[in-house]
Amino acid sequence: MAQPTSGVRVRFAPSPTGRLHIGGARTAIYNWAFARATGGTFILLIEDTDPERSTEENVQVILNAMKWLELDWDEGPEVGGEAGPYFQMQRMGTYADALEQLKAAGAAYPCFCTKEELDQKRALAEKTEGGYAGYDRTCRALDEKEAQSRIDAGEPHVWRLAVPENHGPIEFEDAVYGHMSFPAEVMDDMILVRSDGSPTYNFAVVCDDVNMGITHVIRGDDHLSNTPKQVLIYEALGKPVPTFAHLSMILGPDGKKLSKRHGATSVEEYRDRGFLPDAMVNFLALLGWSLDGETTIMSRDVICGNFSLDRVTKKDAVFDETKLSWMNGQYIQKMGASEWVRKSWPWLARAFSEGYPYMHSAIIPTPEPDEPSTEPEPLTEEQWAAFDDDYAAHPAFYEALYPLVAERETSLTECESKLAYMFWGPCVWLDEKSVNKILRKEGARAEEALHACRAVLADEGNAWECAVLEQKCKDLAEPLDMKLRNLLQPLRVAFSGNMVSPPLFESIELLERKDVLARIDACLDIVFGSK
RNA sequence: GGCUCCGUCGUCUAGCGGUUUAGGACGCCGCCCUCUCAAGGCGGAGGUCGAGGGUUCGAAUCCCUUCGGAGCUACCA
């Protein structure tokens with residue numbers, strides 16, 4: 001299965017164990033970007049040797065995450081390729097072949113020590129000798145014939161790598177860490193094949209990388225210490241050692257390895273929280289790599305066109321969600337209305353559903369800032385149908401919402417709360433705090449302002465256009481001797497229910513005159529008891 | 001314990017012996033803009049480059065020591 005290796009071949013090999021971890025995603029991005037930058041081939045290989053978790057469904061989860069990030073692979077599941085199959089479970093034959101080769105070369109030997117025996121020895125060594133030095137090579141001394149007869153008798157055994165005696169330091173080049181050297185004496189006669197015949201990780205990766213013609217192994221830092229062991233396997237196999245590139249760890253805000261305790265750790269979670277794939281890729285690319293030290297926002301094309309291993313840092317990086325949010329906001333500003341509508345679908349549907357069918361107008365208590373975020377009820381089929389109908393009837397309306405929130409959103413989810421008022425029809429939910437601060441404020445003349453603005457909005461002579469309505473309302477300030485702020489904030493509250501909202505007249509323009517007037521009337525009635 | 005790696009503003013980073021009074025970005029503070037909130041513009045605080053020794057005319061950049069952090073040390077991957 002020797003591959004013609006012309007050019008760069010890199011691979012990302014995730015285990016389908018549930019979700020695509022942030023660290024894994026970055027590894028995938030670096031492999032992908034490196035392949036694209038060098039005109040090489042990006043291969044996706046599924047490490048599905050754990051039968052417990054490697055379900056069809058979990059494989060799909062990984063694939064979906066890769067697709068969501070828009071990391072296209074040249075060879076792998078669904079697209080095939082000449083170096084396949086791309087599932088380790090389907091490559092068992094290649095591992096068996098490799099073992100045979102090692103046996104023939106005398107580079108592997110059977111070991112009959114049981115797990116229990118080894119655990120005991122390890123425990124003892126840790127107590128008495130101040131540390132376990134690795135397998136004591138008991139079975140390596142076994143007579144070949146004796147070993148064979150025990151195998152023939154069906155005695156359980158594993159196959160170990162016979163680390164060469166007097167092997168000088170094990171050295172290899174790492175594109176990130178530079179020249180690496182490990183003393184061979186501390187290398188364990190590691191297990192290659194387990195007693196059940198399955199290959200261990202270190203053996204399987206080497207076989208795969210050899211057979212797939214991988215030229216650059218770009219992977220997590222946690223494999224750095226595994227690398228000399230793997231180099232030994234390459235040597236035993238008589239194969240050239242690829243270039244390695246180890247990526248530093250991604251840490252949580254507390255400086256500890258990123259884990260569930262830090263909150264969201266999978267790309268799926270970020271997707272569900274309204275993050276854009278472009279922002280994720282841009283942000284993750286910058287976690288350990290830089291273009292020039294200055295550029296922060298960069299497109300996939302720029303990343304792919306300029307990615308290089310020699311600008312990858314060795315230092316562990318803390319995952320700073322604040323910066324990710326900022327970056328996401330930058331991408332939301334640039335994405336455009338139609339894409340925004342398409343991607344904001346779930347949250348727009350929620351915003352729509354809250355206002356449908358229209359509820360009554362009322363003052364509602366201001367939510368506590370430390371609200372216990374409860375999982376929202378999923379929308380019913382009915383609600384979805386109603387939303388779909390509404391969108392079909394007013395597609396332009398939905399696109400017009402984009403400029404209202406584009407530069408105010410840091411995540412797509414925010415449109416649900418920020419735009420809720422746009423779906424209230426003739427009703428308004430008045431935020432209690434806003435009512436007290438704006439409408440009921442002593443000496444603010446809010447009621448007077450509201451009546452005046454209402455008159456402008458009610459005047460059929462005024463075109464229902466943002467610029468016209470805004471100008472006419474602002475013209476009220478002078479005769480009334482009011483500050484714009486005092487004049488318009490009451491209108492904002494009466495219309496949107498809150499003292500903080502997206503642009504006022506731009507919003508009003510998108511709704512019907514009768515609904516806007518109805519809201520003002522409801523507000524006047526509820527707050528001031530006047531009509 | 002052993003092996004290995006890392007250490008520049010709070011965070012992501014630039015820096016590869018002199019062009020550096022250590023640059024950019026997020027965050028923070030202030031000002032401007034302004035009907036709110038944002039966005040945007042401008043400005044500011046914040047690192048003496050983990051510490052201590054060298055080498056050198058000159059070091060964040062080279063060497064040594066030291067401290068701190070991390071990874072590996074499985075019939076897990």
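Please read these numbers as outputs of a predicted model, since none were measured by experiment. Here is how names work: the chains are called A, B, and so on, in the same order as the sequence lines, proteins then strands, and each is numbered from 1.
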Out of U4(B), A70(B), C35(B), which has the shortest distance to the side chain of Asp316(A)?
A70(B)
Does G58(B) have a Watson-Crick or wobble partner in any strand here, with both distances under 3.5 angstrom, and which is it?
none
Tell me whether the OP1 or OP2 atom of G15(B) has a side-chain N or O from Arg311(A) closer than 4.0 Å.
yes
Distance, C1' atom - from G7(B) to C12(B), rounded to whole angstrom:
15 Å
Could you state the interatomic distance from CG (Asp316(A)) to NZ (Lys257(A)), rounded to the nearest 0.5 Å?
10.0 Å
Describe, in one word, how the ring planes of His157(A) and Phe112(A) are oriented to each other, choosing from parallel (under 30°), tilted (30 to 60°) and perpendicular (over 60°).
tilted
How far does the C1' atom of C62(B) sit from the matching atom of A70(B), given to the nearest Å?
25 Å
Would you indicate what Lys483(A) reaches in the nucleic acid, counting non-hydrogen atoms under 4.0 angstrom: base, sugar-phosphate, or nothing?
nothing
Using 30° and 60° as the class limits, which term best fits the ring planes of Trp340(A) and Tyr402(A): parallel, tilted or perpendicular?
tilted
Would you call the rings of Phe283(A) and Phe319(A) parallel, tilted or perpendicular, taking 30° and 60° as the class edges?
perpendicular
For A70(B), does either OP1 or OP2 sit under 4.0 Å from a side-chain N or O belonging to Lys257(A)?
no
When rounded to whole Å, the OH to C1' distance for the pair Tyr177(A) and C72(B) reads 13 Å
Find the partner of A38(B): check Watson-Crick (N1-N3 plus N6-O4 or O6-N4) and G-U wobble (N1-O2, O6-N3) distances, both under 3.5 Å, and reply none if neither fits.
none
With nearest nucleotide decided by heavy atoms, which residue, Phe319(A) or Pro183(A), maps closer to the 5′ end of RNA chain B?
Pro183(A)
C1' spacing across the pair G52(B) / C67(B), given as an integer number of angstrom
10 Å
Measure from the side-chain heavy atoms of Arg492(A) and tell me the nearest of C35(B), C75(B), U4(B).
C35(B)
For Gln330(A), answer base if it contacts any base atom (sugar-phosphate contacts may also be present), sugar-phosphate if it contacts only those atoms, and nothing otherwise; contact means non-hydrogen atoms under 4.0 Å.
sugar-phosphate
Over how many whole Å does the gap from Glu321(A) atom CD to U11(B) atom C1' extend?
13 Å
Under 4.0 angstrom, heavy atoms only, what part of the nucleic acid is Lys229(A) near: base, sugar-phosphate, or nothing?
sugar-phosphate
Taking any heavy-atom pair under 4.0 Å as a contact, classify Met180(A): base, sugar-phosphate, or nothing.
sugar-phosphate
From the list G23(B), A74(B), C35(B), which nucleotide is the closest neighbour of the side chain of Ile191(A)?
A74(B)
Could you tell me whether Thr313(A) contacts a base, only the sugar-phosphate backbone, or nothing, with contacts defined as non-hydrogen atoms closer than 4.0 Å?
sugar-phosphate
Roughly how far apart, to the nearest Å, are G46(B) and C29(B) at atom P?
16 Å
Which word best sums up how the rings of Tyr201(A) and His223(A) line up, parallel for under 30°, tilted for 30 to 60°, or perpendicular for over 60°?
parallel
Would you kindly give the CG-to-C1' distance between Leu224(A) and A77(B), to the nearest whole Å?
16 Å
Please evaluate the base of G27(B) for a donor-acceptor partner in the side chain of Thr322(A) within a cut-off of under 3.5 Å?
no
Answer for the Watson-Crick or wobble partner of C5(B), both distances under 3.5 Å, is G69(B)
If we call it a pair only when both distances are under 3.5 Å in a Watson-Crick or G-U wobble match, what pairs with G46(B)?
none
Between Asp278(A) and Arg300(A) (salt bridge meaning N to carboxylate O under 4.0 Å), is one present in this structure?
yes
Side chain of Lys323(A), base of C12(B): donor and acceptor closer than 3.5 Å?
yes
I want to verify a distance call: between C35(B), A25(B), G71(B), whose nearest atom is closest to the Asp222(A) side chain?
G71(B)
I'd like to know whether NZ of Lys441(A) has more than 12 heavy-atom contacts from other residues, nucleotides or ligands below 6.0 angstrom.
no
Which class fits the ring pair Trp424(A) and Tyr421(A): parallel under 30°, tilted 30 to 60°, perpendicular over 60°?
perpendicular
Report the C-alpha distance between Glu235(A) and His167(A) in whole Å, list the side-chain angles of each, state the deciding distance to 0.1 Å, and finish with yes or no for side-chain hydrogen bond (donor to acceptor under 3.5 Å, both in side chains).
CA-CA 11 Å; Glu235(A) 289 175 353; His167(A) 188 297; 2.8 Å; yes
Rounded to whole Å, the NZ-P distance (Lys437(A) to C37(B)) equals 10 Å
Reckon Arg485(A) has a side-chain N or O less than 4.0 Å from the OP1 or OP2 of U36(B)?
yes
Checking all strands, does Ser195(A) fall into the base, sugar-phosphate, or nothing category for heavy-atom contacts under 4.0 angstrom?
base
Between G30(B) and U66(B), how far apart are the P atoms? Round to whole Å, please.
47 Å
Base, sugar-phosphate, or nothing for Asn226(A), non-hydrogen atoms under 4.0 angstrom?
base
Rounded to whole angstrom units, what separation is found between the CE atom of Met499(A) and the P atom of A38(B)?
11 Å
Heavy atoms from other residues, nucleotides or ligands near NZ of Lys334(A) exceed 12 (cutoff 6.0 Å):
yes
Categorize Cys453(A) for me: base, sugar-phosphate, or nothing, with a 4.0 angstrom heavy-atom threshold over every strand shown.
nothing
Neighbours of RNA chain B within residues 406-424 of chain A, by heavy-atom distance under 4.0 Å:
Glu407(A), Arg408(A)
Not counting sequence neighbours, which residues clear ring-ring contact (aromatic ring centres under 6.0 Å, His included) with Phe307(A)? List them please.
Tyr30(A), Trp289(A)
Remember a base hit wins even if backbone is also touched, and classify His246(A) as base, sugar-phosphate or nothing at under 4.0 Å, heavy atoms.
nothing
Nearest listed nucleotide, side chain of Glu294(A), among C35(B), G24(B), U11(B)
G24(B)
Within the 4.0 Å heavy-atom criterion, would you say Gly329(A) contacts the bases, only the backbone, or no part of the nucleic acid?
nothing
Any side-chain N or O of Ser290(A) less than 4.0 Å from the OP1 or OP2 oxygen of A14(B)?
yes
Let's test this: given Watson-Crick or G-U wobble pairing with both distances under 3.5 Å, identify the partner of G10(B).
C26(B)
Please state the C1' separation for the pair G23(B) and C49(B) - nearest whole angstrom.
13 Å
Where the side chain of Tyr201(A) is concerned, which of C35(B), A77(B), G2(B) is the nearest nucleotide?
A77(B)
Which whole number of Å gives the distance between the P atom of C6(B) and that of A25(B)?
29 Å
Derivation of the side-chain hydrogen bond (donor to acceptor under 3.5 Å, both in side chains) call for Ser411(A) and Asn328(A)
CA-CA 6 Å; Ser411(A) 113; Asn328(A) 202 45; 5.2 Å; no
Within the structure shown, what part of the strands sits under 4.0 Å from Val158(A) by heavy-atom distance: base, sugar-phosphate, or nothing?
base
Provide, to the nearest angstrom, the distance between the NZ atom belonging to Lys314(A) and the P atom belonging to A60(B).
19 Å
Output yes when at least one side-chain N/O atom of Lys315(A) is less than 4.0 Å from OP1 or OP2 of U8(B), else no.
yes
Using the C1' atoms only, state how far A60(B) lies from C16(B), rounded to an integer number of Å.
11 Å
RNA chain B: 5'-proximal contact among Cys111(A) and Thr296(A) (nearest heavy atom):
Thr296(A)
